[in-house]
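Residue numbering restarts at 1 for every chain, and letters A, B, ... go by the order of the sequence lines.
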Amino acid sequence: MPDLEERLDAIYENILDYEAKQVAELVKSEVEAGTDLQIILDDALIAAMDEVGDLFSEGVLFVPEMLMAANAMKAGMEILRPLLTDSDIPSAGKVVIGTVHRDIHDIGKNLVGMMLEGGGFEVIDLGVNVAPDEFVEAAAKHSPDIIGMSALLTTTMPNMPKTIDALHKANFEGKIIIGGAPVTLEFAETIGSDAYAPDASAAVVLARGMLTNG
Amino acid sequence: MVSDMRRSRRERKIGDKANKSPQTQPVKGSSFSLPPTLGAPGFAFLDNTRIDQLRERTFSLLEEHGVFIDHEEAVKTLKKAGARISNDGKRIHFPRFLVEQVIEDTPKSVTLCGKTEEWDHALPDPEGRFIMRTGTGAHGFIDGETGNYRKLKMTDVATIAAVGNHLDQIGFISHPFVNGVPERTSDIHGFAELVTLTPKHVWIQPYETENVEYLMRICALAAGGESALRKRPIASCIATSFTPLELKQMDVEAIIQASSYGLAIHACSLPTAGGTAPITMPGTVVLAAAEILSMLIVTQIVGSGTAVIATPLIFALDMRTGRSLQSSIEVMQGVSMSLQLMKQGFGLLTHTYGSGSDTPDVDSQSNAERSLLGQLVALSGADILGGVGQLECATVFSPVQAIIDNEIGQMLQSFLRTPDMDDESFAWDLLKEIPQGGNFLANQHTLKHCRATLDPQVFLRQARDTYEAENRRNVQEHARDIFRSILKKDPLANLPDEATIREIKKVVKAGDAKILD
Ligand code: B1M
């Protein structure tokens, strides 16, 4: 049997080769071998996705390549997640995401969601045209660490502060990230969100930072 | 004083000639004529076999996979007309006979009316020309004077109207997104302002289902009443599908209401290759075609006889950054294919971006992208070239860029005028007599035709010395001069009177009261 380092490398390489099935199988046998979950998570899955993130930022990897790697990572995470909840290892975090009320643009939101999944986050996608109440309900149901909102229309941007108000009224204590083509940092600041991400990779970096820095 | 007099005489003389130049009085009357809707001569990117393949795939996508339609009434009517409805009641399969029948019944020509006949545009243009339209939906504005970026506000609508009014290639004008008014009724506010500032045809782009009614009412007021609007529709309306293969409620509603007023519909599909559509262009083109034809069918079935302009606006996702693109080279291929499919394959009128760029500013990239795009689109025979002044993938408008675009449009129109092949154009007599070492500088033939060449007002042809002496003024600065002179011009005639404007304002108020509640 190859040593641990080689086995973790194999998971890492399979993520970079977009081999979801392989990743799931390798993670499973690693769990069965009794390897520390934290090590599988940090040294194989997260390490691979950090590399993928860097390669994407450097322009080496293209969007679908990054998303396929994220899929492979997700396959591994699906094996680990139930075990992590039972352990005291902190998970990467849970994000509820959606396009705001009256807005049906979803490509950007989907990209952000997939990238967050690739970053190890559990993502609950509420879809498009999500009313403030629905965000509040999802917050109560899933207790996410972060709520992410996307808006592509200037007409629907006001639904972001409305949702934030509703979430605050419902005592949501997590963080709120917003984004979308007409959204700006200035707007994000004025409506009391916690962060604005101009693109999907920035969203992952911000989300990570939020959970590490509290 | 003497020199002043001399200058004014010179200016007058040059002015007289310039008035006869092709800029302001485009040379008409080429003997070239085309069968209706086949458009201008030029570029055939695809051969007939490939067009047939695209057409067949479009028919089979419509028949086998169908389109999801979120409008109960429309679905019922479609069923009666022969469409097959899937078990969930919303996916509509269109049998080929129905599609073909509807294509046949769709009017193949339309007049986009201005407030007076002088501003009317018959499509297809009898001489194979196109018209241009200003960019729509921009929320950002590059200030014409300072060149700085800022949010687009209500006073910018007047600037867009002024620029659109005075540029000869602009056939009609669309409303941008206006900041500083209630967001949910911004389209109503922007449209109400625009329609009172231009005698040209205008384009309606609704943002919400309930706004459609108010936009139509404003339109009717500006036209002089509902029956006047039906007689001379001074506006046309966009309806966009929800790619992939879905028609949402608002757009079916826009089709129903607009066609009830006799307004032409720009049936628009905005696929994003690699996002909502296949990354390979033939797949994207077929998807867009299926969506456009489904809107055509809905239009003909709910508002029989309404003119439909096929409007494929093809986008692509940049594979490196995930940004939306309107002017990548693959998009240009997709647009060329779509236009050919729509014109040659289905015989429809066409409209797409013939201008616009993915760069945020009026820079070299912007002018290169829009020139490339404009050429392909014009040569593919589009009837309408949209996106004038548009930057940053349809989110920003620049009036200075619009002025440059107008000149690119003039160049394209000149190019499209296929020369006559006769003794005069061969200068046959001269050619046969030209001696060794001879020239054509000062003869009657050159004199006769010298003003038929395009004399650019924005593009420069100066020598280096002049360029340096003028502190390296470039195309943008020339365009800015024209921009300033346009703003000084008097408003055009035949705009709605004070009483009508008051009525329009009442409708805006009523819209706010109802919608913002
Ligand atoms: C949670 O944290 C985060 C963090 C980062 C986040 C984030 C969340 N969300 C996004 N990000 C960021 O990361 C992403 C990836 O890096 C980025 O996401 P983006 O979403 O910006 O980018 C995507 C990856 C690609 N971009 C896109 O997909 C949008 C492209 C454009 C062309 C566009 C499209 C494709 C569509 N449209 Co629409 N559309 C336009 C768009 C023009 C443009 N240049 O944006 C825009 C946004 N649309 C507009 C309009 C007017 C409309 N559209 C409409 C409809 C549609 C389609 C359905 C046809 C289609 C969407 C299909 C779909 N499934 O999403 C209508 C509205 C429907 C509705 N109620 O929502 C309609 C009203 C048109 C009509 N009359 O039907 C304009 C908005 C004007 C304005 N200022 O408000 C518009 C600018 C085009 C225009 N010039 O007219 C970042 O912004």
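- Neither the backbone nor the side chain of B/Ile279 has a heavy atom closer than 4.5 Å to any heavy atom of chain A.
- At a 4.5 Å heavy-atom cutoff, the contact between B/Glu208 and chain A is made by side-chain atoms alone.
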**Prompt:** Going through the distances and angles, do A/Met157 and B/Glu183 end up as a side chain to side chain contact (heavy atoms under 4.5 Å, CB included)?
**Reply:** CA-CA 8 Å; A/Met157 279 165 61; B/Glu183 285 89 352; 6.0 Å; no
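- Atom CD1 in A/Ile107 sits 3.5 Å away from atom OG1 in B/Thr272 (nearest 0.5 Å).
- Of the residues considered (B/Phe242, B/Phe177, B/Tyr207), B/Phe177 shows the highest number of contacts with chain A, using heavy-atom pairs under 4.5 Å.
- The environment of CD in B/Gln365 is crowded: more than 12 heavy-atom neighbours from other residues, nucleotides or ligands sit within 6.0 Å.
- Using a 4.5 Å cut-off between heavy atoms, A/Pro182 contacts chain B through both its backbone and its side chain.
- Considering every non-hydrogen atom in both A/Val60 and B/Arg320, the closest pair reads N-NH1, 4.3 Å.
- The closest side-chain heavy-atom distance from B/Met319 to A/Glu65 is not below 4.5 Å.
- Contact check for A/Asp199 versus B/Thr321: no side-chain heavy atoms found under the 4.5 Å cut-off.
- How far OG1 of A/Thr154 is from CG of B/Asp187: 11.0 Å, rounded to the nearest 0.5 Å.
- Environment of CZ in B/Arg323: sparse, with no more than 12 heavy atoms of neighbouring residues, nucleotides or ligands closer than 6.0 Å.
- Of all heavy-atom pairs spanning B/Asp318 and A/Val63, the tightest one is O-CG2, 3.8 Å.
- Using a 4.0 Å cut-off between charged side-chain N and carboxylate O, B/Glu210 and A/Arg102 make a salt bridge.
- Contacts between B/Lys151 and chain A at a heavy-atom distance below 4.5 Å are absent for every atom of the residue.
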